[in-house]
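Written out below as structure tokens is the structure these notes cover.
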Number of protein chains: 2
Amino acid sequence: MYSQGMHVPDSDPKPSPEPSRPARESHVPIPAVRRLSLYLRELEALRKKDSKTVSSRQLGTALGLTDAQVRKDLAYFGQFGRPGKGYDVSEMIARIRSILGTDRTWRALLVGAGHLGTALLSYRGFFGKGFEIVAAFDNNPAKIGTVVGVPPGIEIRPLDRLEEVVRDLRVQMAILCVPAPAAQELADRLVAAGIKGILNFAPVTLTIPDHVSVGSVDLAQRLEQLAFHISAKQLLDDAQQGG
Amino acid sequence: MYSQGMHVPDSDPKPSPEPSRPARESHVPIPAVRRLSLYLRELEALRKKDSKTVSSRQLGTALGLTDAQVRKDLAYFGQFGRPGKGYDVSEMIARIRSILGTDRTWRALLVGAGHLGTALLSYRGFFGKGFEIVAAFDNNPAKIGTVVGVPPGIEIRPLDRLEEVVRDLRVQMAILCVPAPAAQELADRLVAAGIKGILNFAPVTLTIPDHVSVGSVDLAQRLEQLAFHISAKQLLDDAQQGG
DNA sequence: GCTTGTGAAACGTTTCACAGCA
DNA sequence: TGCTGTGAAACGTTTCACAAGC
């Protein structure tokens with residue numbers, strides 16, 4: 001059974017607050033899980049400012065969401081806050097990290113050390129977030145053996161070592177930064193080697209078995225969306241201007 | 001009125017409880033607009049293979065969607081296909097481009113020529129998609145004056161020229177690749193200078209006036225989502241294994 | 001006062017099912 | 001037969017409104 005995308009199967013991630021009801025599984029909306037990352041980012045900013053607690057309204061205002069939305073989202077995962085007081089910033093950071101699985105460190109590898117790939121190897125934004133890039137690969141002989149990224153850096157290895165490294169280092173995730181025509185074949189190899197998730201920067205839809213998760217980042221697509229929304233707003237303005 | 005995110009505004013952000021006005025008819029779901037970009041990408045791949053027509057089922061299968069979804073999405077924008085035959089590939093490419101607004105070329109500028117910024121300046125994926133990066137900025141004196149990207153390349157300019165360039169070149173979009181603490185201030189300057197849309201790579205939520213569109217790409221967030229989905233699948237497997 | 005957590009209602013999106021057409 | 005376009009049903013998500021607690 002093959003599919004694309006990243007659906008969460010029905011399961012019960014939260015310890016049920018009502019022990020009397022065993023059957024009904026509360027499904028967590030996928031958008032709510034996405035917002036969890038937003039909450040985490042904002043909470044870490046608050047902690048830097050030494051805020052001890054935060055209300056759903058504060059958090060919502062900072063992120064452009066309603067207070068009700070924030071409360072609902074958090075409630076999917078249990079009881080977080082205290083009425084009259086709000087949410088404890090540090091406790092909530094710990095709990096969201098635990099939910100997302102980033103309270104431990106995930107080992108990732110990078111495939112394709114082109115411009116984007118090397119930029120990601122130098123990116124500091126992963127540090128302290130629960131991710132570590134443990135290996136990088138390319139098929140360009142001129143790049144193999146060179147060391148890239150924040151010191152001490154990572155050595156670029158030849159692609160034929162891919163399977164070996166995935167197994168030896170028990171790598172769970174891959175960041176795929178290769179040209180579009182090469183992406184599917186490399187995704188197949190990564191899956192066969194035992195990778196559990198792929199973040200794909202190539203502008204193609206990957207076909208991947210159900211037991212592997214895929215996320216995709218397509219820059220051109222993001223600019224297209226921006227263009228559409230700008231046009232839509234301009235059309236609306238013109239319509240209001242005209243009548 | 002300020003907000004975050006990229007919603008296409010209805011007549012009113014907070015609609016009045018009186019439904020007396022018929023208001024906006026045939027509202028297009030935002031997810032459908034996102035999929036339009038996917039269709040476009042797939043259609044261009046099909047055209048390269050000299051496919052003349054494609055059915056909603058073919059397109060859906062290639063993208064992991066149902067045929068009904070593909071038809072509904074396209075129908076929001078008018079009559080595209082022919083019963084019994086399918087959709088004309090070239091005609092549909094032209095129509096989707098026209099809908100997204102990428103049948104013309106958008107002028108974008110890039111702010112922040114760090115690792116990610118310079119990688120984007122070298123990225124070929126924008127070419128022929130309706131976007132052109134016409135200027136790049138950084139505050140690092142060592143970078144100013146250097147030329148980056150695919151030949152002939154783009155010269156890195158000092159940040160204090162930002163407003164001048166936006167006006168003189170009538171730039172509509174900005175790609176923001178600066179460190180998180182600098183992002184909001186630069187977004188404010190871009191908005192004040194007349195920019196209509198921002199694609200933000202900094203891991204902060206920008207506060208932006210309603211008439212400007214924002215899209216955000218947060219790499220750490222994407223890896224977090226991947227981690228969550230991998231964990232969820234593993235939990236499900238374990239539960240099924242155990243009983 | 002202020003806050004959370006939560007059923008229920010409102011709203012948005014996807015899937016279904018089939019009429020109509022080539 | 002094979003396909004599109006589309007109302008209507010099914011499903012998913014957000015907002016509302018308020019009881020309960022600090």
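Keep in mind it's a predicted model, so treat the numbers as computed, not measured. Labels below follow one simple rule: chain letters A, B, ... track the order of the sequence lines, proteins then strands, and each chain is numbered from 1.
A donor-acceptor pair shorter than 3.5 Å can be found between the side chains of B:Ser37 and A:Glu224. Between the side chains of A:Lys129 and A:Thr102, not a single donor N or O lies within less than 3.5 Å of an accepting N or O. B:Arg71 and B:Ser56 form a side-chain donor-acceptor contact under 3.5 Å, judged by distance and modelled atom types alone.
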*Given A:Phe80 and A:Arg95, is the side chain to side chain contact (heavy atoms under 4.5 Å, CB included) satisfied, shown in steps?*
CA-CA 9 Å; A:Phe80 275 72; A:Arg95 290 187 71 175; 3.7 Å; yes
_CA sep, side-chain torsions, deciding dist, call: A:Leu38, B:Thr205, side chain to side chain contact (heavy atoms under 4.5 Å, CB included)_ = CA-CA 8 Å; A:Leu38 278 181; B:Thr205 299; 4.0 Å; yes
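For B:Tyr76, the side-chain atoms get nearest to C:dT14 when compared with the rest of C:dT14, D:dT14, D:dC3. For A:Pro83, taking side-chain heavy atoms from C-beta onward, the closest of the listed nucleotides D:dT15, D:dC22, C:dT15 is D:dC22. Out of D:dG7, D:dT13, C:dT3, the shortest distance to the side chain of A:His27 is found at D:dT13. Considering only the side chain of A:Pro31, D:dT14 comes nearest among D:dT14, C:dT6, C:dT15. Closest to the B:Ala68 side chain, of the nucleotides C:dT4, C:dA17, D:dT4, is C:dA17. The side chain of B:Thr66 sits closest to C:dT15 out of C:dT15, C:dT6, D:dT15. Taking every side-chain heavy atom of A:Pro29 into account, D:dT13 is the closest of D:dT13, C:dT3, C:dT6.
The CG-P distance, from B:Leu74 to C:dT13, rounds to 16 Å in whole Å. Summarising the geometry, the separation between CG on A:Asp73 and P on C:dT6 is reported as 13 Å, rounded to the nearest angstrom. In this structure, A:Ile30 atom CD1 and D:dT13 atom P are separated by 6 Å, rounded to whole Å. For A:Asp67 and D:dT15, the CG to C1' distance is 10 Å, given to the nearest whole Å. Remark: C1' of D:dG2 and CZ of B:Arg57 are 10 Å apart, rounded to the nearest angstrom. Between B:Gln79 atom CD and C:dA22 atom C1' the separation is 14 Å, expressed in whole Å. To the nearest angstrom, P of D:dG5 lies 13 Å from CG of B:Leu59. Atom NZ in A:Lys52 sits about 18 Å away from atom P in C:dT3, given to the nearest Å.
Taking a cutoff of 4.0 Å between a charged side-chain nitrogen and a carboxylate oxygen, A:Asp218 and B:Arg41 qualify as a salt bridge.
B:Arg71 comes within 4.0 angstrom of a nucleotide base, judged by non-hydrogen atoms across all strands.
Checked by distance alone, A:Lys72 brings no side-chain donor or acceptor within 3.5 Å of a matching partner on the base of D:dT13. With hydrogens and angles left out, the side chain of A:Lys85 and the base of D:dG21 share no donor-acceptor pair within 3.5 Å.
When each of B:Gly84 and A:Arg35 is assigned the nucleotide of DNA chain D bearing its nearest heavy atom, the one mapping closer to the 5' terminus is B:Gly84.
Residue B:Gln69 places at least one side-chain N or O closer than 4.0 Å to OP1 or OP2 of C:dT15. When the side-chain nitrogen and oxygen atoms of B:Tyr87 are compared with OP1 and OP2 of D:dG5, one or more of them lie within a distance under 4.0 Å.
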